[in-house]
Each structure stands twice: as structure tokens, then as C-alpha cells.
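For reference, the structure is listed below as C-alpha cells.
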Amino acid sequence: MLQVSYIRDNREQVLERLAVKNFKQPELVDEVIGLDDKRRQTQTQLDNVSAQSNAAAKQIGELMRNGKKEEAEAIKANTGKWKEEGKQLSELLGAVEQELQDKIVLLPNLPHASVPKGITPEENEVVLEHGAIPALPTGSLPHWELATKYNLIDFELGVKITGAGFPVYKGKGAKLQRALIAFFLDEAEKAGYEEVMLPLMVNEASGFGTGQLPDKEGQMYFVGQDNLYLIPTAEVPITNLYRDVILKGDELPVRNTGYTPCFRREAGSYGAHVRGLNRLHQFDKVELVQVVHPDTSYDVLEQMSAHVQGLLQKLGLPYRVLRLCGGDMSFTAALTYDMETWSAAQGRWLEVSSVSNFETFQSNRLKLRFRNAEGKTQLAHTLNGSALALPRIVATLLENNQTENGIKIPEVLVPYTRFEWID
RNA sequence: GGAGAGGUGUCUGAGUGGUCGAAAGAGCACGCCUGGAAAGUGUGUAUACGCCAAAAGUGUAUCGAGGGUUCGAAUCCCUCCCUCUCCGCCA
């Protein structure tokens with residue numbers, strides 16, 4: 001959520017930045033400013049009325065204590081008017097605040113100056129490519145066929161017990177999942193992140209805090225009986241650990257990592273591009289979250305990007321890094337790097353990580369602040385990134401490393417899998 | 001799920017209708033004291049929004065959340081959330 005005071009003071013710039021994100025309702029900016037004017041005006045009026053009646057109440061109290069009942073009664077006669085006025089003003093204020101809130105949450109975050117203008121994924125900027133694209137021998141298979149051939153994943157069993165998009169991992173397939181999770185968590189710990197293990201369901205306030213609600217309501221599974229949402233990413237519970245928190249200056253930066261399953265309804269996704277592990281309703285992911293001083297957030301973003309790239313390099317996967325264009329970026333991000341690995345058998349890039357700086361967009365909703373050098377409270381910057389999402393990593397590992405003798409496990413994973421080949 | 005108790009500031013904890021943003025203590029910050037430290041001592045120590053060009057200042061709101069009663073609510077009433085104890089159930 002953008003800060004009203006910022007919008008008020010930087011109207012032109014806000015409109016300019018929103019245009020980069022291809023935002024379709026620029027008129028909301030002026031509506032927000034108008035509502036804020038009205039809000040402030042109404043609050044001033046209400047405060048004045050309250051001050052009057054507070055003073056009168058105090059006076060009545062004193063008179064009563066001194067036994068001057070008649071004089072107290074005389075003042076009481078005036079209070080009805082203020083009460084009525086106050087009631088009306090506070091109802092008006094409530095309505096204006098609600099309307100302001102309803103509009104301001106529709107404004108996406110402002111993109112960073114380096115974000116390219118653009119609408120479609122084709123307009124994303126390729127920052128770098130790393131690693132040679134492997135040439136597979138003829139007869140090589142896509143991962144869903146390899147998964148069946150080596151008895152690693154059973155998609156039909158998942159359909160039977162739950163539904164499409166809920167695969168069952170078996171044998172070395174299951175062990176590979178566990179190995180990747182442990183490897184990613186260990187790497188994060190080495191990089192200074194503290195591990196957390198989290199609830200997989202969150203309440204409405206948490207969904208709002210990180211920006212999933214109200215605009216992406218339909219993408220989360222909802223447990224209506226208890227009003228809880230299944231998390232679409234560990235970002236939600238981790239970042240919400242710091243909701244309504246004022247950190248001491250020396251507590252920054254906060255670095256957390258967590259493994260969780262992620263649940264996504266993915267309504268409206270069908271067809272060949274969601275085949276196999278490409279798009280699932282439940283998948284595993286290790287997430288990184290940082291809460292940092294605003295001055296350092298873009299340096300930290302580069303560090304997180306480097307960390308993710310390091311993982312891909314250790315796994316020996318060819319990848320590229322994209323700087324997302326305005327139109328392809330999420331609602332909440334100011335700058336996002338996507339990491340994609342090359343899926344050799346499918347012949348296309350698969351997104352395996354997304355690293356973003358949200359600046360104060362989340363912290364404003366979360367009321368996540370720190371005490372700055374002047375001793376005043378200030379909104380912190382939040383960042384997060386996947387490091388990494390498992391299914392597409394598994395897909396490319398299986399496809400890219402297939403040989404006539406089986407699938408070779410990357411060396412860094414062998415201590416975790418305790419087998420070198422899937423055969 | 002049933003019965004009971006309770007939710008006050010960073011913490012402990014007072015406060016059952018008015019002078020309460022809230023006693024007292026601890027903690028923390030700064031100062032004095034000291035060769036240095038401890039002890040002692042003094043001062044300060046919530047957040048948000050508004051008014052003001054800004055600072056100073058000042059107004060309003062906040063004692064789990066929301067509503068109600070009242071001239072006036074931390075205090076009374078209602079609803080919800082949470083914690084604890086006992087019972088039930090249970091990995």
C-alpha cells in the first residue's frame with residue numbers, strides 16, 4: 001500500500017511511475033488525494049467538537065465533586081448538541097476513511113527507476129545468461145516421462161487421493177525432494193538467514209499484510225469454517241512475523257529462511273504448459289525474507305539475486321536472469337528479478353525464482369517500522385525471494401542430466417540424497 | 001467441545017465511573033557521583049492522526065478487538081478474539 005502522504009506530495013511522479021506499470025486507473029490518484037483532503041478536514045472538525053465536550057465533561061466532574069450540582073446540570077444541557085455533532089462527524093470520518101482505504105489499496109507499488117516499460121513477458125529485460133545449454137541425445141524424454149520411467153513421481157495417484165496438480169513423490173523422487181530442501185536451507189543458513197518453521201494457514205490480517213488480500217483472494221485456498229487461508233508462499237507467514245512491530249535500529253537487517261509447502265488454486269490454468277511439474281496446486285519451496293534499512297534495500301536485492309544464482313550454479317543448471325518490465329511485475333513489487341532455468345527436453349525457460357524489493361509497500365500495510373538514527377519510527381523495506389521452488393528445479397535436473405545410464409545427481413546434492421544416480 | 005478465571009505501557013503490576021496516557025517497581029537512555037565500576041542520585045522513556053511552513057507547541061484517539069450505556073468509561077453492558085486452570089477428546 002502506498003503512503004497517502006507520499007501520493008499527496010508527489011502526485012506527478014506517482015502518475016508517471018504508475019504509467020510504467022501500465023496501470024489502467026490513474027484517476028484513482030486524484031480520488032485518493034481528494035478523499036485524504038476530506039479526511040483531514042473532517043478529523044479537524046471532529047477533534048474540535050471532542051475537545052469541547054471533553055472540556056465540558058471535565059468541568060462537570062469538578063463541579064460535582066464540589067457539590068455544585070445545579071451548575072453542572074446547566075452545562076449538561078449543552079452537551080447533547082456536541083454529542084449529536086460528534087456522532088455525525090465520526091460516522092462521516094469512518095465512511096471517508098473506509099472509502100480512502102478501498103481506493104488506495106487498488107494502487108500498485110511504484111516501479112523502481114530501472115524497471116523497463118512494457119506490458120508482456122516478452123518485454124522483460126534479459127540481464128544475463130549463465131551456463132551452456134545442454135544438447136540432449138536423441139530419444140531423451142521430458143521430465144514427466146522420466147518421472148514415470150524411474151518411478152519417481154506418480155501423478156495419477158495424486159489425482160486419486162486429491163486431484164490434479166497434487167503429485168505423489170516416491171522412492172528416490174521423494175528423497176530428492178528432501179535433499180533439495182535440506183540443501184537450500186543449509187545454503188541459506190550459511191548466508192546468514194535464520195531458519196523458521198511456520199504455520200501453513202494464515203488469517204485474513206496476514207493475507208492483507210503481504211498483499212494477497214484483497215486483490216488475489218481467488219488464488220488462495222480458503223478454509224471457511226475457520227476463516228483461514230492456505231499459504232501460497234512462505235513469504236506470507238514469515239513477513240507477517242513482523243506485522244505491528246517496531247524494530248530497534250540495530251535489529252536490522254532481519255534475515256529469515258523457511259521451507260513450506262505452497263498451495264495455489266491456479267484457477268484458469270490448463271493445457272500442455274502446465275503438464276508434469278510445470279504448474280502445481282501444491283509444491284515445495286524454500287523462501288528468503290529480509291527486513292532492511294531503506295538505504296540498503298537495493299544492495300540487498302543484488303545480494304539475494306547472487307545467492308539464488310549461486311544455488312543454480314552449484315546445481316549446474318543453465319539459467320538466465322530477467323528484470324521484469326512494469327506490466328509483468330507483481331502488484332506489490334518495486335523491482336523484481338526472475339531466474340529461469342533451461343528445460344532441455346521441453347526446450348523452454350522455466351521460472352524457478354523471483355526476487356523482489358517491495359520497499360515500503362508491504363511494511364506500510366504491516367505497520368513494520370524501525371527506529372532510525374533520529375529516534376523516530378520509519379517504515380522498513382521488505383524483500384523476498386525463492387531459493388528455490390522445487391518442482392521446476394526437479395524438472396530441469398531430470399531432463400538436463402539424463403543419460404543412457406540414468407539420471408546423474410549433481411555432486412552438491414549427493415551428501416543429501418546419498419545416491420549418485422537415478423537408474 | 002463443556003465449566004471457571006483472566007487479558008493494562010518493554011516487563012512486573014496498581015487502578016471498579018470524573019483530577020487516568022494511566023500509580024509503583026524493574027528495564028532502557030542521558031546526566032551527576034566515582035580513578036574506573038557497582039551502589040546511590042536526577043531527568044527522560046508509547047503509537048497514530050490532525051492543526052502549524054517547520055520546530056516548539058497543541059488537539060484527538062488508543063488500557064485484547066468491535067459496538068453500547070453515560071455529560072464523562074481502563075472501570076458498567078453486549079458480541080468476538082486470545083491466554084490460563086479443570087473435564088472431555090487426541091497425534
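Treat the numbers as computed from the prediction; the structure is a model and nothing was measured. Just so it is clear: chains get the letters A, B, ... in the order the sequence lines come, proteins before strands, and each one is counted from 1. We use all heavy atoms of the structure for the numbers below, so side chains are in, but hydrogens, waters and symmetry mates are not.
In this model, the phosphate group of B:A46 is not approached by any side-chain N or O of A:Arg371 to a distance below 4.0 Å at OP1 or OP2.
Across the C1' atoms, B:C80 and B:C30 are found 44 Å apart, a figure rounded to whole Å. If you take atom C1' in B:U10 and the same atom in B:C63, they sit 15 Å apart, rounded to whole Å. Taking atom C1' on both nucleotides, B:G15 is separated from B:G66 by 24 Å, rounded to a whole Å. The same atom, C1', is picked in B:A14 and in B:G31; the two are 30 Å apart, to the nearest Å. B:C76 and B:A5 are spaced 14 Å apart, taking the P atom of each and rounding to whole Å.
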Show the distances under 3.5 angstrom between N or O atoms of the protein and N or O atoms of nucleotides 59-62 of chain B.
{"unit_1": "B:G59", "atom_1": "N2", "unit_2": "A:Asp47", "atom_2": "OD2", "d": "3.0"}
{"unit_1": "B:U60", "atom_1": "OP1", "unit_2": "A:Asn54", "atom_2": "ND2", "d": "3.2"}
{"unit_1": "B:U60", "atom_1": "O2'", "unit_2": "A:Asp47", "atom_2": "OD1", "d": "3.1"}
{"unit_1": "B:A61", "atom_1": "OP2", "unit_2": "A:Asn54", "atom_2": "ND2", "d": "3.4"}

Under the rule of Watson-Crick or G-U wobble with both distances under 3.5 Å, where | means paired to another strand and [ ] a crossing pair, RNA chain B maps to ((((((((.[[[..)..(.....]]]((((((.......))))))((((((.....)))))).[[[[[..)....]]]]])))))))....
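Checked against the 6.0 Å centroid threshold, A:Phe358 and A:His381 do not count as a close aromatic pair.
The side chain of A:Lys83 sits closest to B:U70 out of B:U70, B:U47, B:U19.
Contact annotation for A:Ser53: no contact, since no heavy-atom pair falls under 4.0 Å across all strands.
Atom NZ of A:Lys87 and atom C1' of B:U70 are 14 Å apart (whole Å).
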